[in-house]
Amino acid sequence: QVQLVDSGGGLVQAGASLRLSCAASGRTFSDYSMAWFRQAPGKEREFVAAITWVGGNTYYSESVKGRFTISRENARNTVSLQMDNLEPADTAVYYCAFRYGGYSTSRHDHVDIYTFWGQGTQVTVSS
């Protein structure tokens, strides 16, 4: 079992920055991936960014590329999402996700491949 604790959301003005954090504990092993998804009311949960622990390969959705940066802290099994130049369209509940493997996987943006999820943290961007 893997437990995820995600945090860092809040209410900010457009153009501001937030940094989300997610810490994984339990049987993480060494080959795994972590990701961020977000879900707005009435919409599907959508992929935001992912990172593999082996190699540190990163993946982004087109809507956040250039504004968001995902990174990892290996010693603590922690992933961060630095969100810059936030827009009202970024308003959603952001969820941290975990999956075993991923280094040799070609796809990282599908919600069904992730096994464990955080409780979600609300990000609200006002104009």
**OP:** Determine the sole option in I70, I51, T52 for which the side-chain contact (heavy atoms from CB on, under 4.5 Å) test with Y59 is passed.
**Re:** T52

Original post:
In terms of hydrophobic clusters joined by side-chain contacts under 4.5 Å, are V125 and Y95 together?
Top reply: no

**OP:** Hey, could you give me the OG/CG distance between S126 and L86, rounded to the nearest 0.5 Å?
**Re:** 10.5 Å

Original post:
When rounded to the nearest 0.5 angstrom, what is the spacing between CD in Q39 and CD in E44?
Top reply: 7.5 Å

Original post:
What heavy-atom pair brings A40 and A92 nearest, and what distance separates the two atoms?
Top reply: N-CB, 3.9 Å

Original post:
Minimum heavy-atom separation for S33 to G101, with atom names?
Top reply: OG-O, 2.8 Å

Original post:
With distance as the sole test, does T121 use its side chain to make a donor-acceptor pair with the main-chain N or O of Y94 at under 3.5 Å?
Top reply: no

Original post:
So do the side chains of D109 and Y60 get within less than 4.5 Å of each other, counting heavy atoms only?
Top reply: no

Original post:
What residues form a side chain to side chain donor-acceptor pair (under 3.5 Å) with S61, not counting sequence neighbours?
Top reply: S63

Original post:
Is F68 reachable from V79 through a run of I, L, V, M, F, W or Y residues, each pair having side-chain heavy atoms under 4.5 Å apart?
Top reply: yes

Subject >> E73 CD to W53 CH2 distance, which is reported to the nearest 0.5 Å >> reply: 8.5 Å

**OP:** Can you measure from CG (L18) to CD (Q82) and round to the nearest 0.5 angstrom?
**Re:** 8.5 Å

Original post:
Which pair of heavy atoms, one from L4 and one from V2, lies closest together, and at what distance?
Top reply: CD2-CG1, 3.9 Å

Original post:
Less than 4.5 Å apart, any side-chain heavy atom of L81 and any of V64?
Top reply: no

Subject >> Which residues share a side chain to side chain contact (heavy atoms under 4.5 Å, CB included) with N85, sequence neighbours left out >> reply: R67

**OP:** Taking all heavy atoms of N77 and all of M34, pick out the closest pair and write down the distance.
**Re:** O-SD, 4.1 Å

**OP:** With sequence neighbours left out, write down each residue that passes side chain to side chain contact (heavy atoms under 4.5 Å, CB included) with S21, or none if nothing qualifies.
**Re:** S7, T78, S80

**OP:** Flag yes if V111 and F47 sit in one hydrophobic cluster, no otherwise; membership is Ile, Leu, Val, Met, Phe, Trp, Tyr, and two members link when side-chain heavy atoms are under 4.5 Å apart.
**Re:** yes

Side chains of residues 112-120: which donor-acceptor pairs under 3.5 Å do they make with residues two or more places apart or in other chains?
residue, atom, partner, partner atom, Å
Y114, OH, H108, O, 2.7
Q119, NE2, D6, O, 2.6
Q119, NE2, D6, OD1, 2.7

Original post:
Between R38 and D90, does a side-chain contact (heavy atoms from CB on, under 4.5 Å) hold up when you go through it step by step?
Top reply: CA-CA 9 Å; R38 65 187 183 186; D90 297 318; 2.9 Å; yes

Original post:
How would you list all residue pairs meeting disulfide bond (SG atoms under 2.5 Å apart) that involve residues 35-127, not counting sequence neighbours?
Top reply: C22-C96

**OP:** Would you name the heavy atoms of D84 and S17 that are closest together and state the gap between them?
**Re:** OD1-OG, 2.8 Å

**OP:** Tell me, please, which residues at least two apart from F98 pass ring-ring contact (aromatic ring centres under 6.0 Å, His included).
**Re:** Y32, Y100

